[in-house]
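In this text, all values refer to a predicted model and were calculated from it rather than measured experimentally. Letters A, B, ... are given to chains in the order of the sequence lines, protein chains preceding strands, and every chain is numbered from 1.
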Amino acid sequence: MSRYEPRHIESKWQTYWDEHETFVTSNEPNDASQGKMYVLDMFPYPSGSGLHVGHPEGYTATDIVCRFNRMKGKHVLHPMGWDAFGLPAEQHAINTGTHPRVTTYENIDNFRRQLKMLGFSYDWSREISTTDEDYYRWTQWIFLQLYDTWYDPEMTWTDQNGTKRTGRGRPISELPIPEDVSEKGEQSVRDYQDQHRLAYQSNAPVNWCPALGTVLANEEVTAEGLSDRGGHPVERRALRQWMLRITAYAERLIDDLEDLDWSESIKILQRNWIGKSVGAEVDFFVELPSNSESASSATFDDWKSARKNSGLPQTPEGNVLRVYTTRPDTLFGATYMVIAPEHQLVDTIVTDDKRSEVEEYRRRSALKSDLDRTDLAKEKTGVFTGAYAINPVNGEKTPIWIADYVLISYGTGAIMAVPAHDERDLEFAQTFDLPVIEVVDSGSDDVENIGFTGQGTAINSGDYNGTPTQQFKEKITQDLQAAGLGKQATNYRLRDWLFSRQRYWGEPFPIWHELDEEGTPTGNIRTVDESELPVTLPDMDDFKPKGTPDPPLSWAPDEWLYSVAEDGTRLKRETNSMPQWAGSCWYYLRFADNKNNSSFIDPELEKYWLPVDLYIGGAEHAVLHLLYSRFWHKVLFDRGYVSSVEPFQKLVNQGMILGENNEKMSKSKGNVINPDDVVCEYGADSLRLYEMFMGPLEQVKPWSMKGVEGVYRFLGRVWRLVTDEQSDDVKLSPAVQDVAMNEEQERVLHKTIKGVTEDIEKLSFNTAISKMMEFTNFFTGQEVRPKEAIQSLVLLLAPFAPHISEELWQLLGHSESLTYAPWPSFDESKIAEAEIEIPVQVNGKVKAKIRIPAVADQAAMQKSAETNELVQKQLEGKQIVKIICVPKRMVNFVVKG
RNA sequence: GCCGAAGUGGCGGAACUGGCAGACGCGCUGGAUUCAAAAUCCAGUGUCCCCAAAGGACGUGUGGGUUCGAGUCCCACCUUCGGCACCA
């Protein structure tokens, strides 16, 4: 008896595909091509534990789409690669002494083996790893472009597609240098340029994680103040770091989401992350204490009239506190000011009697980790500085406090507190017994004005009384602008991207630091010339953090670390490395042209293949990876290197697969399913089919071994549908005959083709599979199985279970792979039934069923329903109020009595 | 607290644009095949009332509403999951 033996079939076809280069994709479409289709998986980090069942979920989905589209005649690009830089390989090296390069390439080999075992139709000739020198050469090159770019928000220009745009990343050489800067000489110009580059260095406080020995991005620190990876405590420290000015692109990163075919919830996630808010900046005159050196005799009135003439300066004077607020309409309710402990103005304004207290508070908050700040969130703290600001609208003297609930990194690092209409301010005011003035009327007796943060009508606001919130905001912003006291301002929650790590296993920066005679950095830097890329990682054996923020590269061999420039300047390399995100920011571009030695991608190939038509991956990358990639892409776009505005046209996030117990799979819970084991027992086709059959792709769903058995049984049924069970060797079943289908068989076939085709297009794979099951159940019951129907099923099944399909296809007499066989087409007219059954309802409840011609009109339907015995019984003695007939659907009698 | 997604049999899930709720699979029950088993095939399977059948009632998180008709639309609420969290 010939049984379905996946093990044998699967390795046979995997070898066949490899040998025939079935999935190798030329960059040239063939003559019959129906257009290009770029389908991409989020490439994996090749971890030591191998593939997880979550990986094949997305990968099977994209594989189905690819195989389907190849059969539809599309020119399909479907590549795979490795996001292989990163912490685990380096940690492993620290623990075992094995070099990360060795571990990484071993893991990659294992991942590749597993992916091939699952029969995915990747074009392996396009494989890349972010750790390949030939790849990170271009990652470094892109960094140099970022370094060479400044953002000009004013520039209007026409892009290469002919679209008019405002705002562009431009070469630093085009940055206009103000006269007062150029007057001060070359160094001053250099500094000015450095301040405007998209890649810049900063000394801002960063998240230093002693346990990991590295600095982390805000995004890599949890709300509890622990490292995202490993859960170690994180503290704040000021260090020199590389930053990328992603905030310059915030507006475009929001705007361009509009035209993307992404789920609305992911778009919202990104919008919230960027967190745009529009409000006003307002200047408050500060009465400096008499002890201050910069104390001047200038009065509030003098200042105000001076401002009326000069307008609002770019940066406020030394005795002016600039605040940001989204509610300028509540200006009359400001009863105190709060500035962040790190604010520059603190030193200037603090009075002698408050100085020690203020200093102490600043010292404590500087030490506070984010954890402490969050913990204390409920209990507000702060100290009065002794200084007062004067409210520009009413001349009120307002005390200035410092408190760490105001963040230095947002807005101007200072706020006007309006306790009546802001929860945080109210809490603070109650803690410190500060006055509360209500200035917004909620407009409802049920809602107290104090604590009301919504929109209402102005009260206690002088001439503005009675103005609705929205109108008031606009009006007062204009008035402040006219008086030179404020202006409209936009802020983003998004911060610039901390782009350096204190790690060995990452891309080195293509950057030199100039050294002086003593060998200390002068602060000036030089870029490595493009022709000298890549800056390869030096050979090292010791990566163990020394407990200081010095990166491992700082103890690299001198030959690597030092050099002398042609002009004799001594140089030292940048010893930070790039974060793991760097490589994944642009890998989708390289796949289109992975062997190019002269450019990161050929412009023609970029135009042809990009953007990615379908991108599938885990929701954990919904914000960071996708935001970073989009940012880089836009910079490359502005600089003319890519023609598309956005990299990923359609995005789908697959849902997580849970263990059988409905919990997250984890070693400690012992509920981890290993794909190797499943393939060993049931075969790759069953694993693929099961992962698609479990439920909707985007949904979170639990694993079930019984479910795998179910689809395995289905494949067995398909096998027996085509092959001869009685025979010892594999041959065609005698029931499969080259005869015409009867009407019913034809209807079932065409219905199935239609259903499966449309379901694949909707990525509704679970229902596509159930339709093939129905087909199989039906044809199993047919004594004669017309060959045409059986062949069509094999083709429909091929994207889902390619191995068994190839085998059956061969058995059906075909000598070539079905990879490029035409997808079955359906004929709508063959699906329609002449006579259909519809329900008859009485008062909306089904009471009978009648058979009517499919084309029956309302009158015919009604007549047919009325003559039905069961219906007549129901209607007996009742008054018919109304009859509703929906063609092809139902008849409903509405009756009384 | 704010934002988002989702709640349908014993389980995973299906249901086009408001028109027969529960497709398909799992599980379970019964039968066929077998010396027996595995495998396979066939039939049944939402809950309740009824000895059973016929028949009937109820049923898509809860409570209201719109409609001839609601899983689907509207309002309020509950629960679970995901994200954010002093962003002024």
Send over the distance from A/E758 CD to B/rA15 P, rounded to a whole Å. 13 Å
Of the listed nucleotides (B/rA57, B/rG19, B/rC86), which one gets closest to any side-chain atom of A/V886? B/rG19
Which whole number of Å gives the distance between the C1' atom of B/rC81 and that of B/rC86? 26 Å
P spacing across the pair B/rG7 / B/rG71, given as an integer number of angstrom: 14 Å
Below 30° counts as parallel, above 60° as perpendicular, anything between as tilted: where do the rings of A/W719 and A/Y4 land? tilted
Consider the side chain of A/S770, meaning its heavy atoms from C-beta on, and name the nucleotide among B/rC24, B/rC3, B/rC42 that approaches it most closely. B/rC24
So which nucleotide from B/rC58, B/rC84, B/rA88 ends up closest to the side chain of A/R493? B/rC84
Answer with yes or no whether A/R889 presents, from its side chain, a donor or acceptor under 3.5 Å of a partner atom in the base of B/rC16. yes
Between C1' of B/rC84 and OH of A/Y410, the distance in whole Å: 14 Å
Rounded to the Å, how far apart are A/I769 CD1 and B/rC24 P? 15 Å
To the nearest angstrom, how far is A/R322 atom CZ from B/rA88 atom C1'? 16 Å
Just checking A/N777: base, sugar-phosphate only, or nothing, at a heavy-atom cut-off of under 4.0 Å? sugar-phosphate
Check the orientation of A/F428 and A/W401. Use parallel for under 30°, tilted for 30 to 60°, and perpendicular for over 60°. perpendicular
It should be established whether A/Q699 places a side-chain nitrogen or oxygen under 4.0 Å from OP1 or OP2 of nucleotide B/rG13. yes
For a quick check under 3.5 Å, do A/T247 and A/D496 share a side-chain donor-acceptor pair by atom type? yes
Does B/rG10 count as syn, meaning its glycosidic angle lies within 90° of 0, or as anti? anti
Taking B/rC86, B/rG4, B/rC20 as options, the one with an atom nearest any side-chain atom of A/S265 is B/rG4
For A/N653 and B/rC81, what is the distance between atoms CG and P respectively, to the nearest whole Å? 20 Å
Just to be sure I understand the rule, does A/M694 reach a base, reach only the sugar-phosphate, or reach nothing, if contact means heavy atoms closer than 4.0 Å? sugar-phosphate
Could you measure between the two P atoms, the one in B/rC24 and the one in B/rG46, and give it in whole Å? 12 Å
Measuring from the side chain of A/P696 (C-beta onward, heavy atoms only), which nucleotide among B/rA14, B/rC26, B/rC84 has the closest atom? B/rA14
Euclidean distance for P, B/rA53 against B/rC49 (whole angstrom): 13 Å
I'd like to know whether CD of A/Q344 has more than 12 heavy-atom contacts from other residues, nucleotides or ligands below 6.0 angstrom. no
For A/K664, does the NZ atom sit with more than 12 other heavy atoms under 6.0 Å from it, leaving out its own atoms? no
How would you label the contact of A/G275 with the nucleic acid (heavy atoms, under 4.0 Å): base, sugar-phosphate, or nothing? nothing
What nucleotide among B/rA88, B/rC20, B/rG4 has an atom nearest to a side-chain atom of A/Y324? B/rA88
Given B/rG4, B/rG13, B/rU40, identify the nucleotide with an atom nearest to the side chain of A/K701. B/rG13
Earlier contact from the 5' end, RNA chain B, for A/T412 and A/Y690: A/Y690
Atom-to-atom span, CD of A/E620 to P of B/rG83 - whole angstrom: 10 Å
Taking CD from A/E761 and C1' from B/rC16, how many angstroms apart are they, rounded to a whole number? 15 Å
Base, sugar-phosphate, or nothing: which does A/T767 touch, judged by heavy atoms less than 4.0 Å apart? sugar-phosphate
Distance between the P atoms of B/rA43 and B/rU66, in whole angstroms? 46 Å
On the nucleotide B/rG27, are OP1 or OP2 found under 4.0 Å from the side-chain N or O atoms that A/R713 carries? yes
Gap between atoms CZ and P, on A/F693 and B/rC26 respectively (whole Å): 8 Å
When all nucleic acid strands are considered with a 4.0 Å heavy-atom cut-off, which category describes A/S263: base, sugar-phosphate, or nothing? nothing
Report the nucleotide, chosen from B/rA21, B/rC41, B/rC26, that has the shortest atom-to-atom distance to any side-chain atom of A/V846. B/rA21
With respect to the phosphate group of B/rC41, does any side-chain polar atom (N or O) of A/R720 fall under 4.0 Å of OP1 or OP2? yes
Can you find a side-chain donor-acceptor pair between A/Y405 and A/D425 that sits under 3.5 Å? yes
Does A/N892 reach a base, just sugar-phosphate, or nothing at all? Heavy atoms under 4.0 Å. base
Does the pair A/F284 and A/L331 meet the rule for a side-chain contact (heavy atoms from CB on, under 4.5 Å), with working shown? CA-CA 11 Å; A/F284 281 64; A/L331 207 40; 3.8 Å; yes
Hey, does A/K849 reach any base, or is it just sugar-phosphate, or nothing, if we go heavy atoms under 4.0 Å? base
Is the distance from OP1 or OP2 of B/rA14 to the nearest side-chain N or O of A/N766 less than 4.0 Å? yes
So what is the 5' to 3' dot-bracket string for RNA chain B, if pairs are Watson-Crick or G-U wobble with both distances under 3.5 Å, crossing pairs use [ ] and | means the partner sits on another strand? (((((((..(((......[....)))((((((.......))))))((((.....))))..(((((..]....))))))))))))....
Looking at B/rC86, does its base get a donor-acceptor pair with the side chain of A/K380 below 3.5 Å? yes
Please tell me if A/K888 has a side-chain N or O lying less than 4.0 Å from either OP1 or OP2 of B/rC16. no
Side chains of A/E57 and A/L697 in contact at under 4.5 Å (non-hydrogen atoms): yes
Checking all strands, does A/E423 fall into the base, sugar-phosphate, or nothing category for heavy-atom contacts under 4.0 angstrom? nothing
Residue pair A/G844/A/G707 against RNA chain B: nearer the 5' end by closest nucleotide is A/G707
Is A/E698 touching bases, backbone alone, or none of the nucleic acid, heavy atoms closer than 4.0 Å? nothing
How would you label the contact of A/I415 with the nucleic acid (heavy atoms, under 4.0 Å): base, sugar-phosphate, or nothing? base
Could you check whether A/L269 gets within reach of a base, just the sugar-phosphate, or nothing at all, counting any heavy atom under 4.0 Å? sugar-phosphate
Gap between atom OG of A/S686 and atom CG of A/L715 - 0.5 Å precision: 4.5 Å
Answer yes when A/D329 and A/K473 have at least one side-chain N-carboxylate O distance shorter than 4.0 Å, and no when they do not. no
Electrostatic pair A/E758-A/K754, nearest N-O below 4.0 angstrom: yes
Say you pick atom C1' in B/rG25 and the same atom in B/rG13; how far apart are they, in whole Å? 8 Å
